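Predicted, not measured: the structure shown is a model, and the values here were computed from it. All chains are named by letter (A, B, ...) in the order of the sequence lines, taking the proteins before the strands, and each is independently numbered beginning at 1.
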Amino acid sequence: MDVDGKSSSKGEEEKKKSAMVVILVGAPGSGKSTFCDRVMRVSTRTWVRICQDTIGNGKAGTKTQCLTSAAAALKDGKSVFIDRCNLDREQRADFVKLGNPQVDMHAVVLDLPAKLCISRSVKREGHEGNLQGGRAAAVVNRMLQKKELPKLSEGFSRITFCQSESDVQSAIDTYSALGPQNTLPSGSFGQKNPDAKVQLGIMKFLKKVDSPVNAVSKGDSLKDSVTTDKENDSSSIGREEVKGGEDLAFCSLESTSSFDNVPTLAFPPISTADFQFDLEKASDIIVEKVLEFVTKLGNARFVLVDLSSGSKILSLVRAKAGEKNIDSGKFLTFVGDITRLYSGGRLRCNVVANAANWRLKPEGGGVNAAIFSAAGPSLETATMERAGSLAPGKAVVVPLPSTSPLFCREGVTHVIHVLGPNMNPKRPNFLNKDYKKGCEVLREAYSALFEGFASIVKSQKTFYEEPTGKLGSVQLVSPVDFKIPRKNQFSNADQKTGATNGIDNAQNEKNNGSMSKAWGAWAQSLYRIATNPEKHKNDVMEISDDIVVVNDLYPKAKRHLLVLARYEGLDRLADVRKENLQLLRTMHDVGLKWAEKYLSEDKTLIFRLGYHSAPSMRQLHLHVISQDFDSKHLKNKKHWNSFNSAFFLDSVDVMEEIDKFGQATLKDEDILSMELRCHRCRSAHPNIPRLKSHIGNCSAPFPASLLQNGRLLFATGNGTNQ
DNA sequence: GTTCTAGAAC
DNA sequence: GTTCTAGAAC
């Protein structure tokens with residue numbers, strides 16, 4: 001195609017305008033080629049992947065060859081991926097020069113853990129760059145040492161940082177969704193602030209913005225929504241930032257305002273749309289209930305959201321809230337798409353309410369369909385794990401999986417499904433104009449919704465509050481309420497009716513039900529101790545608001561104790577997110593304290609603190625276990641390997657991983673059937689009795705990896721040369 | 001998580 | 001014959 005002529009046609013002008021260069025930045029094994037492949041497989045845009053490893057007739061070529069090919073592809077109006085490491089500024093500079101006012105210059109940084117890149121590089125066969133085997137580790141390490149993360153000032157209009165697999169996935173989604181004419185907002189997205197003193201869970205998701213294709217009009221969300229001074233402030237800041245561009249482009253703006261860290265519930269008006277509930281009555285109830293809970297909850301915000309800018313219910317509520325003098329910093333009304341509050345409106349809401357249907361299914365339209373669609377299929381799965389259906393007036397809290405786009409993009413950690421009364425004869429549970437009953441149910445629904453939100457706020461207390469420091473004062477066996485009180489579902493069946501806290505019982509039942517990963521009755525004992533430690537006075541060694549310490553009932557070593565987390569919903573490590581980091585630190589500190597106590601009593605002991613990748617017993621628990629494994633209860637392969645394979649995750653590593661990536665990498669249960677190896681000298685043994693007799697005698701030093709980073713604890717003066 | 005036990009491995 | 005594992009039941 002000849003595009004050399006200056007007088008290009010209008011069509012070509014358009015085409016050229018939307019071309020872009022995406023420079024991948026990442027070590028070997030970071031997934032650059034996969035990234036390109038996956039985007040190119042589904043994209044409707046024409047992409048050319050320039051790969052230095054293959055550009056020389058299938059073999060490695062030169063940088064100049066890459067530049068020439070890239071320039072040629074751009075001339076053709078094609079978009080280009082530069083698939084080479086590009087780890088330092090100098091390497092990138094020549095490619096950045098390919099950009100011009102018609103060509104967007106982007107960088108996508110695959111900044112994944114070195115460990116992961118190395119293991120991928122080592123494993124891969126037939127890799128185009130032929131970087132395989134043991135050499136890979138050295139190469140990757142060397143390259144990462146001179147890594148220089150790209151900056152907008154190098155000439156990029158957009159940089160996307162990916163620091164976890166889920167970051168990579170959302171970047172792939174973003175680029176895949178780009179049609180031939182679409183552009184992406186400018187700015188730097190996804191880079192975590194390395195200097196942040198307190199790592200807040202919400203930070204993870206802030207700076208990712210989807211392709212604007214489906215974005216709601218920013219004008220609407222910013223202009224019409226504002227009812228409070230604070231909101232006015234933040235929106236005017238927002239508008240300044242976006243001047244000159246249609247899309248939001250917050251360039252690595254990490255807000256330090258405490259306002260952004262206030263737990264916030266976004267909720268749609270319940271029952272007023274399809275369920276045809278009277279707007280006057282509904283607005284009275286909303287204001288009444290908000291007033292009640294604003295007072296109750298203290299540090300939390302409520303946002304009533306409606307999509308249409310002329311929303312009658314919103315203006316009614318606004319007027320009535322004004323009359324009642326509701327603190328405008330705690331309650332606001334907002335016009336916009338409830339599934340895009342952050343990306344579309346700069347409003348951070350960690351909890352979103354869904355006007356659900358009784359089946360808790362995505363079907364129908366309105367808010368329900370929109371939320372299920374925006375959250376992706378994982379919401380449906382997570383919902384079904386909690387409840388199968390919902391009665392009018394009830395709510396169910398569903399933690400949103402971190403893979404959900406609503407989590408990644410909008411920062412939503414929980415969805416609360418709520419079902420209100422129905423005044424529409426064509427819908428189930430029609431109340432036939434019975435507004436006495438209707439108002440009752442609507443009040444109940446808002447109470448249930450706000451109680452659900454309150455329970456989340458409470459469970460994330462450590463996240464929203466300043467860390468309170470070490471657990472100095474240990475309470476000895478005094479009754480302490482569980483973080484989220486709930487009925488004892490195991491012993492008292494007739495309590496199942498009449499939800500005392502308004503939250504539908506279905507969510508409790510399902511926790512324990514027949515879902516894929518259900519906990520058997522035998523797996524509940526730790527959960528029960530964490531819930532009611534005062535009922536287990538004989539077993540409990542320490543209680544605080546956050547933890548309970550017990551001896552393992554079947555210790556697998558001379559000393560083996562468990563630090564239980566007293567948080568509802570944290571059944572195992574898989575449930576742990578960044579907002580629980582402080583809890584992990586507390587558990588670790590408590591574990592250390594006990595290990596030190598025992599070390600002072602017996603200097604031959606060595607301790608290790610860690611978690612099982614997939615525990616058998618419900619309720620997050622930290623094992624504090626001495627490394628003698630001298631116990632009659634250690635009987636089989638599973639016992640041994642659960643403490644002496646990668647299945648056992650050291651507490652120090654878990655905390656680091658949660659801090660960096662927001663979740664821990666868990667090992668599959670398969671590795672529990674691995675061969676039996678001594679944890680010191682790594683010798684293999686045919687069966688448990690032979691292994692046990694070996695470890696009774698083996699005094700070889702521990703493997704180097706265990707001697708690092710404080711994974712093993714020795715008595716002071718006992719050195720680390722064990 | 002443990003206990004029990006059939007049957008494989010020795 | 002004895003030892004040991006692994007799967008089912010709880």
Side-chain angles (χ1 to χ4, degrees), chain A residues 488-491 493 509 511-533 535-536 538-541 547-576 587 591 608-649 651 654 666-679 683-697:
Chain A
N488 185 342
Q489 58 194 307
F490 309 110
S491 58
E509 285 154 26
N511 280 347
N512 189 23
S514 57
M515 299 308 296
S516 56
K517 261 281 184 179
W519 301 100
W522 49 263
Q524 306 283 352
S525 56
L526 299 182
Y527 173 74
R528 277 180 240 171
I529 294 172
T531 314
N532 290 308
K535 288 188 185 165
H536 301 80
N538 295 335
D539 305 316
V540 169
M541 301 151 71
I547 57 95
V548 172
V549 180
V550 289
N551 269 315
D552 195 299
L553 188 56
Y554 299 93
K556 303 296 184 293
K558 282 180 183 161
R559 292 290 182 187
H560 183 186
L561 26 137
L562 306 175
V563 182
L564 314 182
R566 299 190 68 204
Y567 280 67
E568 177 65 37
L570 292 188
D571 288 345
R572 53 189 145 207
L573 207 45
D575 302 324
V576 171
M587 292 170 74
R608 197 173 169 197
L609 276 58
Y611 299 87
H612 283 157
S613 285
S616 302
M617 306 294 283
R618 176 180 179 190
Q619 200 64 17
L620 180 68
H621 54 280
L622 172 71
H623 289 270
V624 179
I625 185 166
S626 62
Q627 296 296 293
D628 46 82
F629 296 106
D630 177 5
S631 162
K632 62 174 183 179
H633 297 292
L634 201 161
K635 292 174 175 171
N636 58 43
K637 215 174 221 189
K638 185 174 178 179
H639 291 156
W640 178 258
N641 282 331
S642 70
F643 291 100
N644 292 290
S645 71
F647 187 83
F648 189 84
L649 305 171
S651 174
V654 169
L666 308 172
K667 287 286 183 229
D668 208 82
E669 263 172 295
D670 297 351
I671 58 173
L672 294 177
S673 49
M674 283 191 332
E675 59 187 357
L676 297 165
R677 280 186 182 275
C678 171
H679 59 318
S683 60
H685 300 268
N687 55 45
I688 287 290
R690 298 267 284 275
L691 173 78
K692 288 181 88 170
S693 76
H694 168 82
I695 57 171
N697 298 314

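Distance CZ (A/Arg528) to C1' (B/dG1): 12 Å, rounded to an integer number of Å. Atom CG of A/Leu672 is separated from atom C1' of C/dG7 by 15 Å (rounded to the nearest Å). As rounded to whole Å, 14 Å separates atom P of B/dG1 from atom CD1 of A/Ile529. As rounded to whole Å, 15 Å separates atom C1' of B/dG1 from atom CZ of A/Arg618. Atom CH2 in A/Trp522 sits roughly 15 Å away from atom P in C/dG7 (whole-Å rounding). For the pair A/Ile688 CD1 and C/dT2 C1', the interatomic distance rounds to 18 Å; values are reported in whole Å. Following rounding to the nearest Å, A/Asp670 (CG) and C/dA6 (C1') show an atom-to-atom distance of 15 Å. Between the CG atom of A/Asn636 and the C1' atom of C/dT5 there is a distance of 9 Å, rounded to whole Å.
Contacts of A/Lys635 with the nucleic acid, taken as non-hydrogen atoms under 4.0 Å apart, involve only primed sugar atoms and P, OP1 or OP2. Residue contacts for A/His639: at a heavy-atom cut-off of 4.0 Å it reaches the sugar-phosphate backbone alone, with no base atom in range. Contacts of A/Leu526 with the nucleic acid, taken as non-hydrogen atoms under 4.0 Å apart, are absent.
A/His639 has its ring centre no less than 6.0 Å from the ring centre of A/Tyr554.
When the side-chain nitrogen and oxygen atoms of A/His612 are compared with OP1 and OP2 of B/dG1, one or more of them lie within a distance under 4.0 Å. Phosphate contact (OP1/OP2 of C/dG7, side-chain N/O of A/Lys638, threshold under 4.0 Å): absent.
Picking from C/dT5, B/dG1, C/dA6 the nucleotide with the shortest atom distance to the side chain of A/Lys637 gives C/dA6.
A 4.5 Å side-chain heavy-atom check between A/Lys637 and A/Leu676 finds at least one atom pair inside the cut-off.
The aromatic ring of A/Tyr554 does not stack onto the base of B/dG1, failing the criterion of a centre distance under 5.5 Å from the six-membered base ring together with planes under 30° apart.
Of the possible polar contacts, one joining the A/Ser626 side chain to the A/Arg559 backbone as a donor-acceptor pair under 3.5 Å is found. A donor-acceptor pair under 3.5 Å is absent between the side-chain atoms of A/Lys667 and the main chain of A/His612, judged by distance alone.
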As a quick check of understanding, evaluate ring-ring contact (aromatic ring centres under 6.0 Å, His included) for A/Phe643 and A/His560, giving each step before the final call. CA-CA 11 Å; A/Phe643 291 100; A/His560 183 186; 5.2 Å; yes

